[in-house]
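Single-structure report; data block below.
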There are 2 protein chains.
Amino acid sequence: MRANKSKRAPSDRTVGRLTLYRRILNEIADDGVKHVHSHALALRAGATAAQVRRDLMVVGYEGTPRRGYGVAQLISALTSFLDEPGGQPVALVGIGNIGRSLLAYFVGRRPNLSIKAAFDVDPQKIGRVINGCRSFDLSELDREIEAQGIRVAILAVPASEAEQVARRLVDAGVVGILNFAPVALHTPPGIYVENVDVTMSLEKVAFFSRRKKARTAG
Amino acid sequence: MRANKSKRAPSDRTVGRLTLYRRILNEIADDGVKHVHSHALALRAGATAAQVRRDLMVVGYEGTPRRGYGVAQLISALTSFLDEPGGQPVALVGIGNIGRSLLAYFVGRRPNLSIKAAFDVDPQKIGRVINGCRSFDLSELDREIEAQGIRVAILAVPASEAEQVARRLVDAGVVGILNFAPVALHTPPGIYVENVDVTMSLEKVAFFSRRKKARTAG
DNA sequence: ATCACGCTGTGAATCATTTCACAATTAGAC
DNA sequence: GTCTAATTGTGAAATGATTCACAGCGTGAT
Ligand SMILES: NC(=O)c1ccc[n+]([C@@H]2O[C@H](COP(=O)([O-])OP(=O)(O)OC[C@H]3O[C@@H](n4cnc5c(N)ncnc54)[C@H](O)[C@@H]3O)[C@@H](O)[C@H]2O)c1
Ligand SMILES: NC(=O)c1ccc[n+]([C@@H]2O[C@H](COP(=O)([O-])OP(=O)(O)OC[C@H]3O[C@@H](n4cnc5c(N)ncnc54)[C@H](O)[C@@H]3O)[C@@H](O)[C@H]2O)c1
């Protein structure tokens with residue numbers, strides 16, 4: 001293993017694909033596979049072999065020619081590159097349809113990123129334990145975030161509330177937000193925001209599905 | 001209004017932002033605003049003014065200097081650019097946690113893109129009407145897709161099923177898929193696939209939230 | 001031992017996207 | 001009317017991402 005070349009921070013896109021490679025590697029490790037080539041990884045990841053190799057340059061693990069990458073070694077190199085050693089607790093704000101789906105989905109799935117506190121304003125949803133996660137009133141947000149040292153939050157509140165809740169999160173010490181509300185958050189520099197905009201995604205699909213004749217156009 | 005310059009197809013990214021601009025325009029139209037500048041749109045969209053103007057080049061509507069864009073006119077130019085006139089029916093496959101959230105969310109929200117049929121393999125979930133949408137057994141997929149002329153589908157089945165279901169969708173005539181399963185689909189050329197990978201998104205946020213000291217590093 | 005094959009790592013080239021910068025234009029002031 | 005200040009549309013430059021292409025090397029064959 002060679003030391004990280006300490007170039008610039010890896011791009012957003014590269015980090016995303018690295019998480020994908022790790023997921024695939026875990027799957028094929030379960031099948032007992034010991035080595036994998038960039039081409040095989042690329043096929044499963046929907047990328048190209050060159051892209052895989054380029055992405056892997058940042059993690060400080062090199063494969064061997066003809067043999068490829070050791071699955072176990074690459075997983076651990078990716079993990080040490082991607083994960084914070086003690087794990088990163090996550091907060092969820094907004095225990096609605098999406099919020100509950102996410103709570104159910106992430107329970108036990110990524111131990112390093114488990115949702116440790118959920119917040120809402122609806123009295124019916126607070127003071128409970130949902131999928132092993134305690135739910136609190138929004139007024140307890142600052143206290144809990146600080147007490148648990150939470151720096152990552154999922155924002156799943158109505159669009160009209162998103163901006164103000166985001167501000168509270170940042171004030172409480174959160175530096176990364178996964179935002180499901182269809183609005184652009186205006187956060188101070190240094191805060192990383194990733195938007196999941198399902199409506200936009202569906203509209204893109206619809207646009208690129210227009211005017212495609214099933215048969216060659218006549 | 002000038003005719004579309006018939007350059008290349010607009011990029012994926014541009015189309016996404018155009019849908020965003022339209023959404024914002026609809027919001028500000030409700031507030032009674034009649035004109036808007038590229039700078040104001042950019043602020044709400046989380047983009048730059050130059051980007052907004054560049055994106056709008058493809059839609060065939062020009063603003064006027066000093067006055068900006070007519071809100072109503074730009075909405076209709078965007079709509080005629082983005083939407084298929086009669087609307088595009090959408091199919092949903094997988095009526096689980098995510099699938100049900102989406103059914104609830106999209107009901108009445110975008111009449112041009114309403115979910116017209118849902119499919120599952122669980123007998124408890126078929127033969128019903130959920131949020132105004134009929135649910136069917138997977139075996140009826142081909143028939144319904146063809147009967148309703150559906151070309152856009154949302155795929156919300158377990159990862160292990162996604163590839164085979166995608167193939168069936170494509171065989172039935174679907175040309176665009178919004179995929180929630182965390183796997184890369186291998187579809188024939190000409191099929192547009194948009195992936196929503198929440199786990200990847202969360203891991204990206206977590207990565208870029210690592211090792212950021214709340215106070216300046218000492 | 002030696003060799004040939006095929007895979008890796010990466011500089012360079014290509015391709016795509018964003019930003020810059022400014023001529024053209026026009027609303028509004030007077 | 002004429003002038004001013006501000007905004008648009010877009011060519012060109014800058015930046016960023018992907019792909020190409022190949023030197024170098026280790027593996028497994030013989
Ligand atoms: N459900 C979907 O499929 C879907 C799809 C696309 C986008 N979204 C977006 O995701 C977000 C959540 O959607 P949803 O369907 O889960 O909505 P929802 O109405 O089911 O849930 C929203 C939750 O947020 C809570 N809430 C309201 N204001 C709050 C505040 N200030 N602080 C904390 N909690 C607050 C509500 O009590 C509710 O429990 C919305 O912005 C929506 O636009 C959802
Ligand atoms: N729920 C989340 O928050 C979340 C987050 C990230 C990713 N995902 C992904 O989204 C997909 C759906 O997740 P979910 O939480 O809704 O799962 P889920 O288990 O709640 O629902 C899956 C549904 O698909 C149905 N199904 C199974 N095989 C099928 C087939 N061959 N054809 C049609 N239907 C079939 C099941 O009966 C079930 O109703 C999964 O791929 C999951 O990895 C979900």
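First the proteins, then the strands, lettered A, B, ... as listed; each starts at 1.
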Side-chain donor/acceptor contact of B:Arg54 with base of C:dT19 under 3.5 Å: yes
side-chain N/O B:Arg17 vs C:dT18 OP1/OP2, d < 4.0 Å: yes
B:Thr64 vs C:dT26: side-chain N/O to OP1/OP2 distance below 4.0 Å: no
Below 4.0 Å: OP1/OP2 of D:dA17 and any side-chain N or O of A:Gln51: no
Any B:Tyr69 side-chain nitrogen or oxygen under 4.0 Å from OP1 or OP2 of D:dG9: yes
A:Thr48 or B:Ala50, whichever maps to the more 5' nucleotide of DNA chain D: B:Ala50
Side-chain-base donor-acceptor pair under 3.5 Å for A:Arg67 and D:dG26: no
Axial cation check for B:Phe208 ring with B:Arg210, 6.0 Å and 45° limits: no
Sugar-phosphate only, base, or nothing, as touched by A:Thr14 at under 4.0 Å among non-hydrogen atoms: nothing
Check against side-chain contact (heavy atoms from CB on, under 4.5 Å), B:Val152 and A:Leu202: CA-CA 9 Å; B:Val152 176; A:Leu202 182 60; 4.1 Å; yes
Over-ring placement of A:Arg110 relative to A:Phe106, 6.0 Å and 45° cut-offs: no
Interatomic spacing from CD1 in A:Ile75 to OH in A:Tyr61 - rounded to 0.5 Å: 10.5 Å
